[in-house]
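Notes to accompany the following structure.
Order of the sequence lines sets the chain letters (A, B, ...), proteins ahead of strands, with each chain counted from 1. The structure displayed is predicted, hence computed values, not measured ones.
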Number of protein chains: 2
Amino acid sequence: MRKLTVKDVAKEAGVSTATVSRVLNNSGYVSEQVRSQVLAVVKKLNYQPNSIARSLKQEKTRSIGMIVPDMTNSYFMTIARQLQRKCMEIDYHLLIIDSEEDPSKELKAMQVLMEKRVEAIVLAGTGGNQETIRAMSNSGIYILLIDRRIEGITADVVAENNRVAAQEATRLLLQHGHRNIGIIKGPQAIHTAVERYAGVREALVQAGLQVQQDYVYEGDYSRESGIKAAHYLLNLPEPPTAIFSSNNEMSYGLYLGMHELGMDLQDIEVVSFGDLDLSPLFHNRLSVVQQNPAEIGEKAGDCIIDRLARNSRERITPPIVRKY
Amino acid sequence: MRKLTVKDVAKEAGVSTATVSRVLNNSGYVSEQVRSQVLAVVKKLNYQPNSIARSLKQEKTRSIGMIVPDMTNSYFMTIARQLQRKCMEIDYHLLIIDSEEDPSKELKAMQVLMEKRVEAIVLAGTGGNQETIRAMSNSGIYILLIDRRIEGITADVVAENNRVAAQEATRLLLQHGHRNIGIIKGPQAIHTAVERYAGVREALVQAGLQVQQDYVYEGDYSRESGIKAAHYLLNLPEPPTAIFSSNNEMSYGLYLGMHELGMDLQDIEVVSFGDLDLSPLFHNRLSVVQQNPAEIGEKAGDCIIDRLARNSRERITPPIVRKY
DNA sequence: CTCTCCTGTGTAAACGTTTACCTATGTGTT
DNA sequence: AACACATAGGTAAACGTTTACACAGGAGAG
């Protein structure tokens, strides 16, 4: 029950291994006669080429790596799915690793991907490991940042325009007459969190208000921190009448916290970055900034294909920065 | 900027490639002197071994494949995360592919994994491809079914006891006095759906009731089908006073549907398989069957390690069927 | 009729590792 | 002194592909 090799096929078909390879790869010249003969044998023996050997010889692994900060978050996995589809189309495969928002795990992941000789890395980073990222980029591997920019790294980026979106979300609250707005911001190591917070501040300043630090709570994008934020903000002497929440997990936490406090969910107007399941049920008092992960995945795939197509190596182009 | 090989390291360190390899793998004898010398060179040149070449020579890829029916579903990805952790521990990596609940994509995925020479496949199947699965299993690769059994396939399975859980969930509704219970069941090609439906029926029969087909709606585990189910069940001449929903996505749909119909969410008592985000907010009228994906991932990892540890190949043991 | 070029096929050398086998020391035991 | 055995390290052959090169026959051009 040993695995078959190209030699077995060659022998059975009465040709050389070179010919078998040519048939399998549609390369070089091979007569129609022999071609079908070989294919018949392949089918008969149920031969499956060893892609490891192929990769070694061709010095191409036909694989790309992806590092996400939370594998259980459907936002990132929607990106991943779209990317995987694109990869499949060009016969590549996607190797997904979860960094769990932990820079040291991220580092490990990058090393693994390097050893696996992936041809590109799609990275939604934790914000750390700048030196390693730079080193890898210099060593020739294509690095594409998604969702989050990373400070000090110049590379292609596919991301949403968090700042403008946050501005608009904030303006919505202002238009509804709120002047006392609570802010649940994300961890300031993460680019999206910084951008969103900046957007909120800008909108407030434009409206002639100033940001009161008392009304800002820094969470870590987790549900638990949303609960804490709720307890903090809603127990202020003069609680906010509206809250901006920087991501959906924290918004879940916010609602859970309100529930713990015995409040009616409608007591506060909320605007959340990222959709919530069941959000339609809250629609009178909840607005969300719709994100479009599928589109990010799509565009990331295009970037990758673009780069891999031109056999790379030669050009040292300035990074293309794409914002959507 | 060519990639370094073991030869480069050997030359630089003034030793043979064999010695370098021995150092890197902690195998065979090598003096402390030479060892540190080699390691210094490795560090200095920033050499990274090519795991492709290693895999080829060793005929081990140190990789395992996983096929899930929905990559964006946090249930499966929680399993995946746990599994990936386990894999990392033993220096394996996990290759995750999304079948999107589509048997033909599943087939493609299996072929890719075979060519990649993964050492095991963890499969949450679509219910199809029995012949291929059998063939692969016969060809020596270890196949571990998770979450869902597959008809006609004998293999190790790590799954929850859906039937008993569904029974208990149903009994809860019965205890609350409901006699008119709507059922949203899942696609009958999928094992979990069959089991859950069976559990519900059993509980009803035990209570001396009989299943009325009018009150059973077959969805496809998607949110949309949950919405349709709501419209169907709640527009019956005599609508149910309680509903059993076979998975969480359909439960989301159910609530969205109720909302569309202008109903109060509290009008109906619901028991759902699989937790919902924000479910605490509904607690008076919603109960959920808590699932434990992390535990499934954990146990699946154990199975894999177990099997890989004994160098396999020799034993033809009867499959271990594990139910949790 | 010769020269060139296209077609079809085989031979063997890579790709970058690991490892079986060999040789050479030293060290302790009898 | 003779032997066994542990230590240390080199040589070269694999692993399963792809592909550069070589060669041969046939066709078309001059």
Side-chain angles (χ1 to χ4, degrees), chain A residues 2-39 41-42 45-63 91 112 114-119 139-140 311, chain B residues 1-39 41-42 45-63 91 114-119 139-140 311:
Chain A
R2 225 192 71 267
K3 263 292 182 187
L4 295 168
T5 75
V6 70
K7 270 187 195 166
D8 302 312
V9 176
K11 186 180 297 176
E12 180 77 14
V15 298
S16 74
T17 62
T19 300
V20 174
S21 176
R22 280 190 274 256
V23 170
L24 261 32
N25 297 294
N26 285 318
S27 68
Y29 292 111
V30 44
S31 69
E32 200 41 59
Q33 237 261 45
V34 171
R35 148 167 273 108
S36 53
Q37 160 71 356
V38 168
L39 288 177
V41 172
V42 165
L45 301 182
N46 188 31
Y47 163 73
Q48 277 172 317
N50 183 330
S51 71
I52 300 291
R54 169 184 310 204
S55 290
L56 181 59
K57 175 61 188 172
Q58 293 190 150
E59 306 185 55
K60 293 193 88 194
T61 55
R62 304 195 75 81
S63 67
D91 250 297
V112 169
M114 289 300 282
E115 294 194 356
K116 293 279 165 212
R117 296 294 194 272
V118 295
E119 297 175 25
S139 89
N311 289 15
Chain B
M1 188 53 79
R2 224 191 71 267
K3 262 292 181 187
L4 295 168
T5 76
V6 70
K7 271 187 196 167
D8 302 312
V9 176
K11 186 180 297 175
E12 180 76 14
V15 297
S16 75
T17 62
T19 300
V20 174
S21 177
R22 279 192 273 256
V23 170
L24 262 30
N25 297 293
N26 284 319
S27 68
Y29 291 111
V30 45
S31 68
E32 200 40 59
Q33 237 261 45
V34 171
R35 148 167 273 107
S36 52
Q37 159 72 356
V38 168
L39 287 178
V41 172
V42 165
L45 301 182
N46 188 28
Y47 163 73
Q48 277 172 317
N50 183 329
S51 72
I52 300 291
R54 169 186 311 207
S55 289
L56 181 60
K57 173 61 187 173
Q58 294 191 147
E59 306 185 55
K60 294 193 88 193
T61 55
R62 303 194 77 79
S63 66
D91 250 299
M114 288 299 282
E115 294 194 355
K116 293 280 165 212
R117 296 296 195 270
V118 295
E119 297 175 26
S139 88
N311 289 15

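- In this structure, CZ of B:R54 is placed 18 Å from C1' of D:dG16, rounded to the nearest angstrom.
- Rounded to whole Å, atom P of D:dG10 lies 15 Å from atom NZ of B:K7.
- The distance from atom NZ of A:K3 to atom C1' of D:dG16 is 13 Å, rounded to the nearest whole Å.
- Counting only distance, with no hydrogens or angles, the side chain of A:R117 and the backbone of A:T61 share no donor-acceptor pair below 3.5 Å.
- Heavy-atom distances to DNA chain D give each of B:E59 and B:S16 a nearest nucleotide, and the one nearer the 5′ end belongs to B:S16.
- Residue B:K116 contributes atom NZ, which lies 13 Å from atom P of D:dT17 at whole-angstrom precision.
- The shortest side-chain heavy-atom distance between A:N26 and A:R35 falls under the 4.5 Å cut-off.
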Protein N or O to nucleotides 24-26 of chain D N or O, pairs below 3.5 Å:
none

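- Heavy-atom distances under 4.0 Å link DNA chain C to B:S21, B:N25 of residues 21-36 of chain B, given in residue order.
- Between atom CG of residue A:L4 and atom NZ of residue A:K7 there is a gap of 13.5 Å, rounded to the nearest 0.5 Å.
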Protein and nucleotides 23-28 of chain C: nitrogen or oxygen contacts under 3.5 angstrom:
none

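- Annotation: the span from A:S139 atom OG to A:M114 atom CE amounts to 3.5 Å, rounded to 0.5 Å.
- Taking atom CG of B:L56 as the reference point, atom C1' of C:dT19 lies 14 Å away to the nearest angstrom.
- C:dT17 atom P lies 16 Å from atom CZ of B:R62, rounded to whole Å.
- Two residues are said to be in side-chain contact when any heavy atoms from C-beta on lie closer than 4.5 Å; B:E12 and B:L45 meet this criterion.
- From A:S16, atom OG reaches atom CZ of A:R22 across 6.0 Å, with rounding to the nearest 0.5 Å.
- OP1 and OP2 of D:dG9 both lie 4.0 Å or more from every side-chain N or O belonging to B:T19.
- Here the nucleotide nearest the side chain of A:Q58, chosen from D:dT18, C:dC15, C:dT17, is D:dT18.
- The CG atom of A:N50 sits 18 Å away from the P atom of C:dC15 (whole-angstrom rounding).
- Atom NZ of B:K11 sits about 8.5 Å away from atom OG1 of B:T5, to the nearest 0.5 Å.
- Using a 4.5 Å cut-off on side-chain heavy atoms (C-beta onward), A:P49 and B:E115 make contact.
- You'll find that the side chain of B:K57 is closest to C:dG16, out of D:dA12, C:dA14, C:dG16.
- Looking at B:T17, its side chain never comes within 3.5 Å of a backbone N or O of B:V6 through a donor-acceptor pair.
- The closest side-chain heavy-atom distance from B:S63 to B:K116 is not below 4.5 Å.
- Taking atom CD1 of residue A:I52 and atom P of nucleotide D:dT18, one finds them 13 Å apart after rounding to whole Å.
- Of the listed residues (B:V20, B:V38, B:V23, B:V15), just one forms a side-chain contact (heavy atoms from CB on, under 4.5 Å) with B:V30, and that residue is B:V23.
- Taking OG1 from A:T19 and CD from A:Q37, the interatomic distance works out to 11.5 Å, rounded to the nearest 0.5 Å.
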